[in-house]
Amino acid sequence: MKILVCISHVPDTTSKINFTDGDTKFDTNGVQFVINPNDEFGLTRAMWFKEKQGAQVTVVNVGGPETEPTLRKALAIGADAAIRVNTEAKDGFQVAKELANVVNDGGFDLVIAGRESIDYNGAMVPGMLASLTNANFVTNCISLDVDGTNATAIREIDGGKETVATSLPLVIGGQKGLVEESDLRIPNMRGIMMARKKPLSVVEPTNASAETNSVKFVKPAPKGAVTLVDADNIDELINLLHNEAKAI
């Protein structure tokens with residue numbers, strides 16, 4: 001089984017986010033980048049398929065040379081090879097088109113992508129990728145087993161979980177639950193050394209056009225002041241809720 005794991009290069013959640021050029025561009029200065037958490041869950045599950053079923057695992061990213069350390073980390077975790085599509089990721093459709101080209105050229109049976117990236121939270125790429133490659137699709141996936149060409153997946157739905165049976169080729173949008181946080185792997189020295197010898201291929205883009213454009217970014221408004229009311233002062237609480245909060 002050939003598995004392709006899509007890797008997004010995203011800011012660490014502890015990074016301080018700023019924008020430049022009139023709030024139209026993301027400022028990368030001083031920002032630490034990591035593997036998108038949803039993608040890391042998927043990569044860890046792919047490692048299970050590699051170790052238990054002999055699967056071949058390739059990771060892929062759409063981005064410039066600055067994303068290669070993130071791909072190298074994925075190789076150090078255990079992926080066999082990496083592919084970087086040499087173009088800036090501009091929107092979900094453009095990324096999906098570039099990834100579809102990689103999938104079709106590589107003949108992958110299973111594509112594991114994160115449900116969404118933690119920077120733009122679009123949650124669009126896996127579904128579009130499945131459509132472009134004529135593959136089955138399961139999103140919000142929290143469990144996946146493959147037996148030959150048959151697959152069983154569990155996904156989260158409103159109010160519960162759904163178990164679905166499908167077949168390869170398959171694209172999933174994975175998330176926490178596909179593996180647990182305790183299952184995630186930290187590259188060790190041996191993995192880091194081996195990653196230097198593994199192939200990282202750079203392929204030129206198909207020049208797929210972006211269909212959307214970010215006009216402006218706005219940070220969330222700062223939290224307002226908090227008014228503390230003594231537990232015994234019910235009248236004051238009612239007054240504030242009525243006259244200031246306009247809640248009653």
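Everything quoted here is computed from the prediction, not taken from an experiment.
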side-chain contact (heavy atoms from CB on, under 4.5 Å) assessment of Ile157 paired with Asn140:
CA-CA 8 Å; Ile157 59 174; Asn140 298 340; over 6 Å; no

Taking all non-hydrogen atoms of both residues, which atom of Val95 and which atom of Ala89 are closest, and how far apart?
CG2-CB, 3.7 Å

Side-chain ion pair, Arg45 and Asp145, N-O less than 4.0 Å:
yes

Are the side chain of Asp39 and the backbone N or O of Ser8 linked by a donor-acceptor pair below 3.5 Å?
yes

Measure the spacing between CG of Asp183 and NZ of Lys176 and express it to the nearest 0.5 Å.
11.0 Å

Indicate yes or no: at least one non-hydrogen side-chain atom of Met1 is less than 4.5 angstrom from one of Gln56.
no

Mind checking whether Glu211 and Gln94 have side chains closer than 4.5 Å, heavy atoms only?
no

Any chain of hydrophobic side-chain contacts (each under 4.5 Å) joining Leu71 to Leu99?
no

Hey, could you give me the CG/CG distance between Asn18 and Asp27, rounded to the nearest 0.5 Å?
6.0 Å

CZ-CG distance between Phe41 and Leu184, expressed to the nearest 0.5 angstrom:
5.0 Å

Which atoms form the tightest heavy-atom contact between Ile112 and Gly42, and what is the distance?
CG2-CA, 3.5 Å

Within one Ile-Leu-Val-Met-Phe-Trp-Tyr cluster: Val60 and Ile77, side-chain cutoff 4.5 Å:
no

Check each of Asp235, Leu241, Asn243, Leu237 against Asn239 using the side chain to side chain contact (heavy atoms under 4.5 Å, CB included) test, and report the only one that passes.
Asn243

Could you check whether Thr87 and Glu98, counting side-chain N and O atoms only, form a donor-acceptor pair closer than 3.5 Å?
no

Where the side chain of Asn121 meets the backbone of Ser117, is there a donor-acceptor pair that is under 3.5 Å apart?
yes

Rounded at 0.5 Å granularity, tell me how far CG in Asn36 sits from CD in Glu40.
9.0 Å

NZ/Lys219: more than 12 non-hydrogen atoms of other groups inside 6.0 Å:
yes

Would Val34 and Val59 show up in the same hydrophobic cluster when neighbours are defined by side-chain heavy atoms closer than 4.5 Å?
no

Measure across Ala130 and Phe137 and return the closest heavy-atom pair with its distance rounded to 0.1 Å.
CB-CB, 3.6 Å

Of all the heavy-atom pairs spanning Ala153 and Val138, show the shortest one and how long it is.
CB-CG1, 4.1 Å

Would you mind reporting whether Val5 and Thr58 have side-chain heavy atoms less than 4.5 Å apart?
no

Would you indicate whether the side-chain heavy atoms of Phe49 and Leu110 approach each other to under 4.5 Å?
yes

Heavy atoms of other groups near Ile234 CD1, more than 12 under 6.0 Å:
yes

How about NZ on Lys90, more than 12 heavy atoms from neighbouring residues, nucleotides or ligands closer than 6.0 Å, or not?
no

Evaluate the side-chain contact (heavy atoms from CB on, under 4.5 Å) criterion for residues Lys2 and Leu168: first the C-alpha distance (whole Å), next the side-chain angles of each, then the deciding distance (0.1 Å), finally the verdict.
CA-CA 11 Å; Lys2 295 183 66 176; Leu168 305 181; over 6 Å; no

What do the steps show when you test Asn136 against Val171 for side-chain contact (heavy atoms from CB on, under 4.5 Å), and what is the final call?
CA-CA 6 Å; Asn136 295 316; Val171 177; over 6 Å; no

Worked check of salt bridge (Lys or Arg N to Asp or Glu O under 4.0 Å) between Arg185 and Glu51
CA-CA 14 Å; Arg185 305 182 181 190; Glu51 294 164 1; 2.6 Å; yes

I need the Arg155 CZ to Ile172 CD1 distance, nearest 0.5 Å.
12.5 Å

Min side-chain heavy-atom separation Asp23-Val218 under 4.5 Å:
no

Mind listing the closest non-hydrogen atom pair of Ala96 and Leu129 along with its distance?
O-CD1, 3.8 Å

Starting from the C-alpha separation in whole Å, work towards a yes-or-no answer on side chain to side chain donor-acceptor pair (under 3.5 Å) for Thr67 and Asn61.
CA-CA 8 Å; Thr67 69; Asn61 167 263; 2.8 Å; yes

Do Met47 and Leu170 sit in the same hydrophobic cluster, where Ile, Leu, Val, Met, Phe, Trp and Tyr count as joined when their side-chain heavy atoms come under 4.5 Å apart?
yes

Is the shortest side-chain heavy-atom distance between Glu116 and Asn38 below 4.5 Å?
yes

Are Phe26 and Ile17 close enough that some pair of their side-chain heavy atoms sits under 4.5 Å apart?
yes

Applying the 4.5 Å side-chain criterion to the ILVMFWY set and letting contacts propagate, would Val111 and Ile83 be lumped into a single cluster?
yes

As a quick check of understanding, evaluate side-chain contact (heavy atoms from CB on, under 4.5 Å) for Lys25 and Phe217, giving each step before the final call.
CA-CA 8 Å; Lys25 294 183 179 180; Phe217 297 98; 5.7 Å; no

Measure from the side-chain N and O atoms of Asn86 to the backbone N and O of Val202, and report whether any donor-acceptor pair falls under 3.5 Å.
no

I need the Lys50 NZ to Ile3 CD1 distance, nearest 0.5 Å.
10.5 Å

Decide if atom CG of Asp147 counts as having more than 12 heavy atoms of other residues, nucleotides or ligands within a radius under 6.0 Å.
no

Any donor-acceptor N/O pair, Arg84 side chain to Val203 backbone, under 3.5 Å:
no

Tell me the closest heavy-atom pair linking Lys198 and Arg72, and the distance in Å.
O-NH1, 3.2 Å

Heavy-atom donor-acceptor pair, Asp12 side chain to Phe33 backbone, under 3.5 Å
no

I want to check something: taking the side chain as every heavy atom from C-beta on, are Ile7 and Ile35 in contact at a cut-off of under 4.5 Å?
yes

